Structures are given as structure tokens and as C-alpha cells.
Amino acid sequence: MRSEVDLSVKLGPLRLANPLLTASGCYGYGTEFGDLCPPGLFGAVVVKGTTPEPRSGNPPPRLAEVAGGLLNAIGLENPGLDGFLKLHLPRLRRYQVPVIVNIAGHRVEDYREMAARLDQVEGVDALEVNISCPNVRQGGMAFGVDPASTAAVVRAVRRVTTKPLLVKLTPNVADPVPIARAAVDEGADVLSMINTLVGMRIDVERRRPVLGNITGGLSGPAIRPVAVRMIWQVYRAVPAPIVGMGGVTSAEDALEFFLAGASAVALGTVLLRDPGAPVQVLDGIREYLVRHRFRSVGELVGLAHRNAGGGGT
Amino acid sequence: MRSEVDLSVKLGPLRLANPLLTASGCYGYGTEFGDLCPPGLFGAVVVKGTTPEPRSGNPPPRLAEVAGGLLNAIGLENPGLDGFLKLHLPRLRRYQVPVIVNIAGHRVEDYREMAARLDQVEGVDALEVNISCPNVRQGGMAFGVDPASTAAVVRAVRRVTTKPLLVKLTPNVADPVPIARAAVDEGADVLSMINTLVGMRIDVERRRPVLGNITGGLSGPAIRPVAVRMIWQVYRAVPAPIVGMGGVTSAEDALEFFLAGASAVALGTVLLRDPGAPVQVLDGIREYLVRHRFRSVGELVGLAHRNAGGGGT
Amino acid sequence: MKRCEIAPGHHWMVVSAPELARRARPGQFAQVRCGEGWWPLMRRPFSLARIDPARGQVGFLFRVVGDGTRWLGARQPGQVVDLIGPLGKGFPPLPPGTVWLVAGGVGVAALLPLAEQLGSRARAMLGARTHSLLAGRDELIQTGAVVEVATEDGSAGWRGQVTELVQARLQEERPAALVGCGPAGMLQELRLVAARYRIPCWISLEARLGCGVGACRGCAVPRSDGNGYLMVCSDGPVFAAGEVIPVEV
Amino acid sequence: MKRCEIAPGHHWMVVSAPELARRARPGQFAQVRCGEGWWPLMRRPFSLARIDPARGQVGFLFRVVGDGTRWLGARQPGQVVDLIGPLGKGFPPLPPGTVWLVAGGVGVAALLPLAEQLGSRARAMLGARTHSLLAGRDELIQTGAVVEVATEDGSAGWRGQVTELVQARLQEERPAALVGCGPAGMLQELRLVAARYRIPCWISLEARLGCGVGACRGCAVPRSDGNGYLMVCSDGPVFAAGEVIPVEV
Ligand SMILES: Cc1cc2nc3c(=O)[nH]c(=O)nc-3n(C[C@H](O)[C@H](O)[C@H](O)COP(=O)(O)OP(=O)(O)OC[C@H]3O[C@@H](n4cnc5c(N)ncnc54)[C@H](O)[C@@H]3O)c2cc1C
Ligand SMILES: Cc1cc2nc3c(=O)[nH]c(=O)nc-3n(C[C@H](O)[C@H](O)[C@H](O)COP(=O)(O)OP(=O)(O)OC[C@H]3O[C@@H](n4cnc5c(N)ncnc54)[C@H](O)[C@@H]3O)c2cc1C
Ligand SMILES: Cc1cc2nc3c(=O)[nH]c(=O)nc-3n(C[C@H](O)[C@H](O)[C@H](O)COP(=O)(O)O)c2cc1C
Ligand SMILES: Cc1cc2nc3c(=O)[nH]c(=O)nc-3n(C[C@H](O)[C@H](O)[C@H](O)COP(=O)(O)O)c2cc1C
Ligand code: FES
Ligand code: FES
């Protein structure tokens with residue numbers, strides 16, 4: 001039975017062996033988990049958000065649990081683009097899995113510079129433009145809440161690279177469609193959605209915020225309904241493939257994202273808890289395809305729109 | 001010990017016997033729960049969203065469970081203002097608890113008309129202007145995602161009533177502060193936050209959205225970190241008392257909201273599951289006040305801001 | 001509480017709840033908390049399948065279909081169940097004469113106390129996929145009702161839908177009323193049959209509930225007259241068949 | 001697995017995990033799933049308090065402080081625990097000579113396998129609020145280490161902080177190294193003492209962990225040189241005392 005279903009997916013210009021990606025920031029640079037969760041399990045590895053210069057990140061505590069989710073305020077700790085290229089990329093390349101570099105900056109200039117350099121780098125298969133990081137003071141999410149600044153970043157990046165471009169959207173907006181449209185109009189090949197919702201938690205005994213950064217990004221199952229809704233909206237309105245993420249923990253969750261319109265899904269928070277999740281998710285997707293007589297994941301993409309009648313947002 | 005702590009709170013022009021309100025839509029018109037959860041337990045009862053004309057609401061299913069939360073797409077089913085005044089208000093008044101009427105409409109005109117009529121009605125202690133309902137096609141949330149239309153609604157309502165005005169904000173925005181400010185500038189006495197996040201769920205076996213309305217409003221513990229963050233932001237920036245809501249289920253949750261800046265909290269989704277929650281929450285708040293030697297809830301309001309250093313959003 | 005599995009995936013659970021047993025009437029239900037943390041978030045509604053004020057007990061008959069019922073089916077004797085009830089309106093006074101109780105699957109739960117109340121006036125028809133799933137048959141027989149069964153695979157009684165059995169029997173006899181509880185499709189069928197034969201008919205509906213008391217407006221079923229919705233929890237769960245359109249949960 | 005409560009709220013748990021026992025070194029830890037649903041979301045880190053490759057077992061000593069440890073403390077013998085390990089770097093090779101192991105509360109867990117390894121080279125000082133909370137003392141003694149205790153209320157051994165006991169003993173003797181594990185305040189104190197006496201010192205830190213493998217950058221502790229952060233899970237949990245600033249979890 002197994003050989004009958006095709007788990008490979010097309011994601012704009014990319015062709016992936018399976019529809020699972022790693023969500024940026026939850027899988028480091030691909031080698032940290034070792035055999036617990038090797039890069040080869042994924043259709044592509046999206047690395048931690050990378051900035052032009054090294055960043056030491058936010059003061060601890062950086063993590064706080066909340067009902068159904070996790071708050072993080074890592075603050076884009078990373079060794080900078082040079083550090084990534086020198087330390088991490090060579091090791092990751094050995095796994096022969098497509099590598100997508102998540103780039104983040106304070107200024108449009110930062111994005112352009114990084115994209116221009118990465119355009120030349122072999123072993124980098126695509127760029128994910130992170131205009132949605134809620135944990136840095138300037139830039140980050142500020143770009144992603146406005147169509148004009150989104151357009152500015154994507155335009156700058158598109159000019160300097162022919163590599164496939166994913167643009168990662170924030171859920172902290174009233175409507176993701178205009179922003180998605182701006183990104184695609186300026187040449188984004190793929191939309192990644194969603195990044196985290198801005199949240200916070202207060203320690204009632206100490207009477208102060210739990211996170212060193214005060215606010216953090218909410219991820220995990222708690223945000224899944226928001227992710228599904230935004231993917232649903234953008235799929236209807238914008239002609240670009242979508243990588244869905246936000247609380248995917250099981251095959252059922254992944255299927256929900258495909259049916260809403262995602263061509264692939266990324267696993268984030270779940271990896272921190274269950275590094276074995278990708279195997280289970282893939283098995284479950286396979287089992288579903290067989291049971292319902294689908295031949296490929298592609299057949300599922302957006303399928304729920306057909307059965308949805310006229311209504312809805 | 002008990003007599004030493006004061007649970008009463010000031011909420012702008014309102015004085016409430018305790019800091020618990022009902023969240024609109026989760027407690028009907030106050031009498032449905034009977035002895036399981038009588039109106040007298042609360043500092044004030046906020047009734048179901050009321051529109052000028054009766055509304056029959058959205059097609060079923062109207063509810064779907066998600067991790068840590070609930071999606072609802074009731075669609076403001078209500079008997080209309082006349083129906084409310086005739087059927088429900090007289091019964092609710094018998095409990096001698098302050099009554100706050102949540103009003104919603106399609107046009108600014110709708111809000112103004114209702115406010116003008118309610119201004120004359122004895123037994124209505126305040127109005128909550130709902131510019132954040134995600135489950136109606138026009139109006140509703142559309143007003144609340146933009147400072148200008150928020151201002152327009154609040155201005156219109158303020159002109160026709162001297163009753164205390166609460167304005168209920170939506171979390172489906174990048175930044176609630178400009179909207180809160182617009183509301184307060186136009187005369188809002190109190191801010192209610194937050195309404196639900198727009199979300200959806202897909203039934204993977206039937207391959208269609210679970211809710212009849214396709215999308216719904218996400219409530220419950222899942223949205224608590226977003227609520228706490230928004231209250232935190234608005235408390236710093238806007239000089240108006242806040243009624244906090246969004247996933248409050250326990251005394252600890254309520255305390256988190258007070259410390260973030262809420263002067264009172266509303267219980268919503270938790271009532272559907274545990275009508276006994278208000279008693280437990282009040283007991284827990286009392287116990288905390290005694291243990292930490294506070295004399296009143298008022299002393300807690302916004303206290304975490306003092307211990308938060310400089311950082312943060 | 002006590003619990004036992006009476007058919008594959010079907011449990012009979014008896015709970016000591018004197019106050020509830022005293023106040024409950026046939027057709028009412030209870031909202032049961034089915035889980036410890038935040039999943040499942042909402043309570044689960046179950047018909048009162050036995051109302052025994054003398055012993056101060058109520059009984060439930062439930063089928064495991066998802067996480068909530070799975071959790072409930074794993075409770076052990078002696079453990080406490082957190083329930084709220086009685087809720088809903090229960091059955092109205094029925095016209096004098098024979099009443100046919102038509103149950104699909106665990107729908108029989110709602111009809112058991114009614115059968116008890118009606119005594120010899122009740123005649124019951126019970127349908128299931130196969131004979132091993134005819135949970136509640138013995139309990140029905142104990143009420144003194146005449147019981148006939150239908151199975152889709154013909155492994156017991158009439159081969160086919162229970163509504164077909166009803167139609168067949170209607171060729172011979174006319175009850176004073178029909179009362180049905182089961183899946184939406186079956187109730188829809190029963191409604192049509194009742195209308196065709198002009199027999200007064202009541203059906204007990206299911207929906208995904210929130211509050212269970214009429215406050216949240218979450219459990220809507222469409223009115224047949226197109227005039228909006230009624231609430232399963234507070235207007236029902238028992239409705240006159242002409243009043244509402246059964247929808248699948 | 002087997003588990004018993006060895007002091008109020010303190011549990012000793014032995015798990016059969018041959019592969020882990022074979023590969024683990026003193027100072028390493030495991031990430032344990034502590035709950036069934038989504039609460040708590042993350043795994044909980046616990047030091048390997050016994051590493052027994054011969055029996056194919058590892059042991060944990062943990063204190064109940066919140067929901068995760070409460071859940072773990074309610075596991076019954078025979079139940080399966082889901083754990084990932086060995087993680088972290090463990091203790092580096094220590095200088096020859098006597099090593100003083102200084103533990104605050106359950107911090108003793110991380111030091112037990114080290115005491116075992118060091119044998120007669122180890123001398124242990126163990127602090128707690130009161131004598132009944134001196135969990136792990138017997139296990140320490142079994143390793144052959146000389147053990148002294150301090151209690152804040154003076155109910156056993158030295159009256160006061162364990163770091164005061166260390167300072168008192170340092171008047172008399174100089175170890176080749178100090179190794180500490182316990183609350184941040186105690187480790188901060190120990191670092192200062194070690195610096196004052198110029199004794200090499202290592203400390204095992206705690207933090208709120210995410211991945212446990214260095215991928216998420218969640219478990220940062222500030223470097224003493226002001227130059228950013230190190231990760232408890234992958235750079236530690238054992239650090240040279242001069243390298244990092246212990247922060248409260
Ligand atoms: C008034 C009333 C009385 C009921 N009495 C009984 C009874 O006596 N015995 C019994 O076994 N069941 C009864 N039900 C149905 C029972 O409430 C559901 O089976 C239960 O809520 C499912 O919970 P779950 O968590 O196990 O399943 P879920 O995981 O919530 O759902 C699993 C599947 O069951 C279906 N389902 C979910 N909720 C309901 C629901 N409320 N009604 C019908 N199907 C549902 C879903 O569509 C889904 O396909 C009654 C329902 C109502 C409204
Ligand atoms: C490398 C490492 C090894 C550890 N080894 C042990 C051990 O051998 N035995 C043992 O009892 N504990 C050990 N801990 C601490 C243990 O992980 C925590 O006590 C546990 O995670 C608390 O989980 P909880 O859900 O019960 O508490 P929570 O509900 O998460 O928290 C309750 C309270 O405990 C504090 N707390 C939470 N997480 C931690 C943490 N990671 N470290 C310290 N305090 C925390 C919180 O500030 C809070 O006040 C270790 C921690 C680390 C990082
Ligand atoms: C610890 C952590 C670090 C993250 N770092 C980044 C990052 O560097 N860049 C980025 O675009 N997203 C980052 N994210 C967001 C995730 O990539 C993902 O969009 C989000 O967590 C939602 O998916 P999930 O619910 O599956 O985790 C991070 C998330 C977490 C939990
Ligand atoms: C079933 C349901 C109905 C609701 N109806 C209304 C409404 O009519 N008007 C309104 O302003 N908010 C409505 N809300 C939103 C709540 O008042 C509240 O803002 C939100 O649910 C968050 O609080 P909670 O998490 O405690 O439920 C409704 C929420 C639920 C769950
Ligand atoms: S469940 Fe709330 S109205 Fe019926
Ligand atoms: S816990 Fe993820 S880096 Fe340490």
C-alpha cells in the first residue's frame with residue numbers, strides 16, 4: 001500500500017520529498033537533535049532566524065508555558081550570517097536536505113544585504129524573509145503588519161536574488177490578505193504563515209512578567225485555529241503556495257492545514273516536546289491518503305473550500 | 001480574616017461589589033443558569049449582544065472545541081432591543097445587580113439609536129459598545145479594527161447617553177492602543193478587552209469547516225496570553241479603567257489580569273463548563289489578598305508594571 | 001459511581017445523585033464533565049437513561065465516540081463524576097393510547113425512563129447496525145414494554161432500518177403517538193413517516209452543546225418554518241417533530 | 001519504573017533504560033514528559049541521580065514543585081515514563097585531590113553519580129531547610145563519600161546555609177575543587193567563596209528548558225563577561241563558576 005501514495009510536494013519552485021518543514025527557530029541549525037530527529041526526515045529544513053551581525057538575544061527567562069502553548073522571547077539569538085555560513089551550513093549540507101535560510105533585520109537594507117550574499121551561496125535552496133518576529137525592538141514584526149513596508153522588504157530582496165523566496169507573515173494583524181498580496185505582488189514565491197501571536201504571562205506570586213523581555217511570541221496548539229483561518233483567507237485571495245504552521249502536532253493537524261490551503265506544513269513547538277513527531281505525522285498522513293484513496297498530498301490542498309458553501313470570511 | 005479584605009472595585013463611574021463580571025454572550029440574560037450560577041454572584045452582569053432588531057443568528061454548528069479554547073459563531077442571536085427590554089430586563093432587575101447592556105449593530109446609526117433608547121431605561125446601569133464581534137457579516141468587528149470608525153461609533157453613542165460607556169475592543173489588530181485611545185478620546189469610560197480572536201477548524205474526515213459560519217471567535221485559556229499582553233499595553237498608554245477578559249478560569253488568572261492593569265475581569269467560556277467558577281475565583285482572590293496583605297483589589301491593579309524594569313512592548 | 005461495558009464501546013453507568021434523581025423527568029439530560037484538564041473543554045450531554053429516586057440514582061447509557069466519552073468510559077467504580085442536571089424540557093404529556101418508542105443506537109437511552117413511565121402503553125422498536133450493538137434492549141424489556149428490534153445486517157429481528165420496521169408495523173396498527181431518538185437521518189425519516197400517517201410525533205435531538213441551559217445559543221437547530229432556530233438544550237432536547245429539522249452533529 | 005517518596009514531596013524514581021544508563025555520564029540529565037495532554041507543554045529536565053549500566057537503570061531524585069512534578073510523583077510502578085537523554089555536557093575531568101560536593105536541596109541529585117565516580121576523593125556537604133528534607137543523604141553516604149549536613153533551622157548538623165558550612169571548613173582545609181548544585185542564590189554564594197579562596201569551582205545550573213539540545217536558545221544564562229549568553233542544556237548544565245551568572249528560575 002505504502003508505495004502507492006506520493007508524499008512529495010511542489011512548493012512554488014521547490015520540489016520537496018515530503019510536506020514537512022521545520023519551523024524556523026525550533027530546530028536550530030539542523031544538527032542539534034542528532035538521531036532524535038535528523039534533518040533527513042523533513043522535506044526541507046528552515047534554520048533559525050539569521051541577522052547580518054551576531055545577536056546575543058534577550059535576557060532570560062526566554063520561555064514560559066501557557067495553556068495549550070508556549071511563549072518565547074528568544075530575541076533572534078544567532079551567530080550572524082557569517083557565523084551561520086561558517087559554522088552551521090557546512091554541517092547541515094551533509095544531510096542533503098533542502099536548506100531554507102530565515103533572514104531577519106532591522107532595516108530593509110539588512111534584508112537586501114543578506115539576500116544578496118545568500119544568492120551566491122551554494123547549498124542554500126531558498127530564503128524565508130521573516131518580517132514577523134515579535135521579539136526584537138525594531139524592525140521584525142513592524143515590517144509585517146503593513147502592506148507597504150512588506151512590499152518594500154520583498155521588493156528589495158527580490159531584486160538581488162533569484163533563489164525561491166518565502167515570506168513569513170505575522171498573525172498580529174486584522175487581515176493578512178493585503179499583506180500576503182503585497183508580498184506576492186513583489187515576487188514572493190511562497191507564503192509562510194503564521195509566525196507567533198504576541199502574548200505575555202505574569203507571575204502572580206512575584207507580581208512581574210515571567211519573560212525577561214516582558215512580551216513573547218505565542219506558539220503551539222493554542223494558535224492553530226488562528227493559523228487555519230488565516231491560511232484559509234489567504235488561499236482564497238492570493239495565488240501563491242502556502243507553508244502552514246502554528247500548532248501542528250499530529251497528522252490530523254497537518255491535514256487540517258492542507259485542506260485549508262497549505263501545500264506543506266512546518267513543525268515548530270511540537271519538536272521541542274516530541275522530537276519523534278515528524279515520523280508520526282508522516283505515517284498519519286500516509287494512512288489518511290490510503291484510507292481516503294488520495295494519491296498525493298497535492299490533491300488535498302484547499303479541498304475544504306469546495307465543501308464550504310458560500311459563506312464565511 | 002475575611003472581613004478585612006475589600007472585594008469591591010471602582011470601574012470608572014461604576015462601583016461594583018466585586019470585580020467579576022459576566023462576559024457578554026456567555027451568560028445569556030442572567031437567569032438561564034438559575035441556582036447553578038445566580039446573577040448575585042457577580043459585580044455586574046453584562047448581557048448577550050443586543051441589536052436593534054431581533055436576529056436569528058448563524059446556521060449550526062455554532063460551536064467547536066479546539067486546544068485550550070472554544071470557537072463560537074453564534075452570530076448575535078438575540079430578540080432585539082424591544083425583546084430584551086420586554087422579556088429579559090424585568091426578570092434580571094429582580095436580582096438587584098448592576099446590568100450592563102452589550103450593544104452591536106451594522107451601522108453607526110444602529111449604535112446611536114440603541115444608546116439613545118437605553119439612556120432612558122431604568123435598570124440599565126451601563127452600556128458596553130461591542131465593536132468587535134467577529135461573527136456578523138457587516139459592522140461588528142469592522143468598526144473595531146480601525147481608530148477612525150471606532151471614534152465614529154463611540155462619538156455617536158456618547159452624544160446620546162450619560163450612562164457609563166464601556167467599549168469592547170477586538171484582539172484582531174496589530175496594536176490595540178490607537179483604537180483604545182480613540183475610544184477614550186471620544187468619551188469611553190471603560191475599556192473591555194478582549195473579544196475573541198478569529199479562528200476556524202476543519203473536520204478532516206468530512207473535509208469541510210466545522211462551523212456553519214466557517215470562521216468563529218476563539219475564546220478560553222488559549223487566548224489568555226494575548227489578552228494579558230493587550231491589557232498590559234493599553235494600561236500603559238491610555239488612562240481608562242479596563243475590564244479584562246479572555247480565558248479567565250481561576251483566581252490566578254484573574255490576578256494576572258489585575259496585575260497587568262485590569263480593574264475587573266469578566267468570566268466567559270469558563271461559565272459554560274463550570275458555572276461554579278465565580279465562587280472559586282472570588283474565594284481565591286480573597287485568599288491571595290489576605291496572604292499577601294493587600295486590603296483591596298484596587299491595590300493590585302497594574303502592579304506588575306512597577307516590577308517590570310524598562311523593557312517590553 | 002458504577003460502570004460496565006454492556007456492548008462493544010457501549011457503557012452503562014450508574015451514579016448516586018439523590019437530588020437529581022428526585023427532580024429529573026424522562027427526556028431530560030445531564031451535562032457531564034469528561035476530562036481533567038482543558039481537553040475536552042466543554043461538558044458532554046447524556047440522556048438520563050434511568051431515573052431512580054428510590055435508590056437516589058441516575059443511570060447513563062453512552063457510546064464511546066471521541067475523547068470525552070473515551071475518558072468517561074475509563075472511569076472506575078467509586079470515582080466521582082461531576083455532573084449538572086436535570087437539564088432540558090423532557091417529554092410533554094403524551095396522548096392516551098399506545099406510544100411507539102423508536103430508537104436508533106444509543107438513542108434508546110432517552111427512551112428508557114419514558115418506557116418505564118408509560119408501562120404497558122409503550123411499545124419499543126430498537127435499531128442498530130448489528131445485534132451486538134443493540135445496547136439497552138434488556139433494560140427496555142425490563143420496563144415491561146413490548147420490544148422489537150431491527151439490524152442493518154439482519155443479525156437480529158427485522159433486516160434494515162428501524163424506520164422501515166416502523167412503517168411495516170404501521171400497515172397493521174396505529175399508535176397514539178411516535179417518539180424517536182437517534183441519529184439525525186433516522187429522525188428525519190421518522191418525521192416523514194409520522195407526517196404521512198398523521199400520527200403525533202416527538203423527537204429527541206442532539207447537538208454540540210455549550211452551556212446546556214439556554215444562555216450561549218450554541219446548540220441551535222433550524223425551525224421547520226424557516227423562522228430561525230430553537231435551542232436543543234433549553235427548548236428541547238425533545239421537540240414536536242413538525243417543529244424542527246434534525247441536523248447531523 | 002519504580003518510585004518512592006523518600007522525604008516529604010521528594011521522590012526517588014528508578015527507570016529501566018539500558019541504553020541511557022550505558023551512555024550517560026555524571027552531570028548529564030534527561031528530559032521527561034510530565035503529563036498526558038498539552039499541559040504541561042514542555043518536558044521537564046531532571047539530573048541523572050543514578051547511572052547503573054550493570055542493571056540497565058537510571059535513577060532520578062525530584063521534588064514536587066508544580067504541575068509537572070506533581071504528575072510525575074503520582075506515577076505508579078510499572079508505568080512507562082517517556083524520557084530523552086542523556087543530554088548536556090556533564091562534569092569535566094576534575095583536578096586530582098579532594099573534591100567537595102556542595103548541594104542545596106534536590107541539587108544533590110546531580111552530584112550523586114559524581115560522588116560515585118570520585119569515590120573516596122569526594123566529600124559532600126548537603127544543605128536543606130530542615131532535617132526531614134535532607135533527601136539523598138543516605139544515597140550519598142552509600143557512595144562512600146564523607147557527608148556533612150547543614151539545616152537552616154539547625155535540626156541536623158550545621159545550623160545555617162550550606163555555603164556557611166563550606167566557608168567554615170575552608171578555614172581548616174583546602175579541596176582541589178568545589179562542585180555545587182542547588183538554588184541560584186546558593187550557587188552565587190559558592191562562586192564568591194570559591195573565587196575568594198581561588199579554588200576551581202564548577203556549578204550545575206537550572207533554567208526553564210525548551211528543546212534540551214541547544215536548538216531553541218530558550219535556556220539562556222548570562223555569561224559573566226557580559227558577552228551574551230550560554231545555554232544550560234547544551235553548554236551546561238555544568239559550567240565553570242567563573243563563566244556564568246546563576247539566575248533564579
Ligand atoms: C441532549 C443530548 C443527549 C445525549 N445523550 C446521549 C446518551 O445518552 N448517550 C450517548 O452515548 N450519547 C448521547 N449524546 C451524544 C453525546 O453527548 C456525544 O456522543 C458526546 O458529546 C461525544 O463526546 P466525545 O468527546 O466523546 O466526542 P467528540 O470528540 O466531541 O466527537 C466525536 C464524534 O462524535 C460526534 N459528536 C460530538 N458531540 C456530539 C453530540 N453532542 N451529539 C452527537 N454527536 C456528537 C462528533 O460529530 C464527532 O464525529 C447526547 C447528546 C445530547 C445533545
Ligand atoms: C538540567 C536540570 C536538571 C534538573 N534536575 C533536577 C532534579 O534532579 N531534581 C529536581 O527535583 N529538579 C530538577 N530540576 C528542576 C526541575 O526541572 C523543575 O523542578 C521542574 O521542571 C518543575 O516542573 P513543574 O511542572 O513541577 O513546575 P512548574 O509548574 O513548571 O514550576 C513551579 C515552580 O518551579 C520553578 N521551576 C520551573 N521549572 C524549573 C526549572 N527548570 N528549574 C528550576 N525551577 C523550576 C518555577 O519557577 C515555579 O516557581 C532540574 C532542572 C534542570 C534545568
Ligand atoms: C523557540 C522559538 C523560536 C522561534 N524563532 C523563530 C525565528 O527565529 N524566526 C521565525 O521566523 N520564527 C521563529 N519562531 C516561530 C516559528 O517558526 C513558528 O512560526 C511558530 O512557532 C508557530 O509554529 P508552532 O506553533 O508549530 O511552533 C520561533 C518559535 C519558537 C517557539
Ligand atoms: C458563546 C459566546 C458568545 C459570545 N457572544 C458575545 C456577544 O454577544 N457580545 C460580545 O461582546 N462578546 C461575545 N462573546 C465574547 C465574550 O464576551 C468574551 O469577550 C470572550 O469570549 C473572551 O472571554 P472568555 O475567554 O472568558 O470567554 C461571546 C463569547 C462566547 C464564547
Ligand atoms: S448549549 Fe448553550 S444555549 Fe444550548
Ligand atoms: S532548551 Fe533549547 S536551547 Fe536549551
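Letters A, B, ... are given to chains in the order of the sequence lines, protein chains preceding strands, and every chain is numbered from 1. Predicted, not measured: the structure shown is a model, and the values here were computed from it.
Proximity to chain C is limited to the side chain of B:Thr269, based on heavy atoms less than 4.5 angstrom apart. The parts of B:Phe33 that come within reach of chain C are both its backbone and its side chain, each placing non-hydrogen atoms under 4.5 angstrom from that chain. Contact of B:Pro59 with chain C is made through backbone and side chain together, with heavy-atom distances under 4.5 Å. Proximity to chain C (any heavy atom under 4.5 Å) is shown, for B:Val210, by neither the backbone nor the side chain. Looking at B:Ala67, the atoms closer than 4.5 Å to chain C (heavy atoms on both sides) all sit in the backbone: N, CA, C or O. Looking at B:Leu36, the atoms closer than 4.5 Å to chain C (heavy atoms on both sides) all sit in the side chain, from C-beta outward. Using a 4.5 Å cut-off between heavy atoms, B:Pro61 does not touch chain C at all. Contact of C:Leu209 with chain B is made through the backbone alone, with heavy-atom distances under 4.5 Å.
Listed for the B:Arg62 side chain is a donor-acceptor partner under 3.5 Å among the backbone atoms of C:Arg217.
We find that C:Arg44 and B:Glu65 are joined by a salt bridge, their nearest charged nitrogen and carboxylate oxygen being less than 4.0 Å apart.
Summarising the local packing, CD of B:Glu53 is surrounded by 12 or fewer heavy atoms from other residues, nucleotides or ligands at distances under 6.0 Å. Atom CZ of C:Arg33 is surrounded by more than 12 heavy atoms from other residues, nucleotides or ligands within 6.0 Å. Summarising the local packing, CD of C:Gln79 is surrounded by more than 12 heavy atoms from other residues, nucleotides or ligands at distances under 6.0 Å. Atom CD of B:Glu252 sits in a sparse spot, with 12 or fewer heavy atoms from other residues, nucleotides or ligands closer than 6.0 Å.
Here the closest heavy-atom approach between residue C:Pro222 and residue B:Pro60 is recorded as CD-CG, 4.3 Å. Here the closest heavy-atom approach between residue C:Val249 and residue B:Arg206 is recorded as O-NH2, 3.0 Å. Pairing each heavy atom of B:Leu63 with each of C:Cys216, the nearest pair is CD1-SG, 4.4 Å. Summarising the geometry of C:Gly228 relative to B:Ser56, their closest heavy-atom pair is CA-CB, 3.6 Å, with the distance given to 0.1 Å.
A heavy-atom distance below 4.5 Å is found between the side chains of C:Ile84 and B:Pro275. Within the 4.5 Å cutoff, no side-chain heavy atoms of C:Arg43 are placed close to those of B:Leu272.
Comparing C:Pro40, C:Ala215, C:Gly37 by heavy-atom pairs within less than 4.5 Å of chain B, the highest count is held by C:Ala215. With chain B as partner, the option from C:Met42, C:Glu248, C:Arg223 having the largest number of non-hydrogen pairs under 4.5 angstrom is C:Met42.
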(request) Using the side chain to side chain contact (heavy atoms under 4.5 Å, CB included) rule, take C:Trp38 and B:Thr249 through it: C-alpha gap first, then chi angles, then the decisive distance, then the call. (result) CA-CA 10 Å; C:Trp38 287 104; B:Thr249 67; 3.3 Å; yes
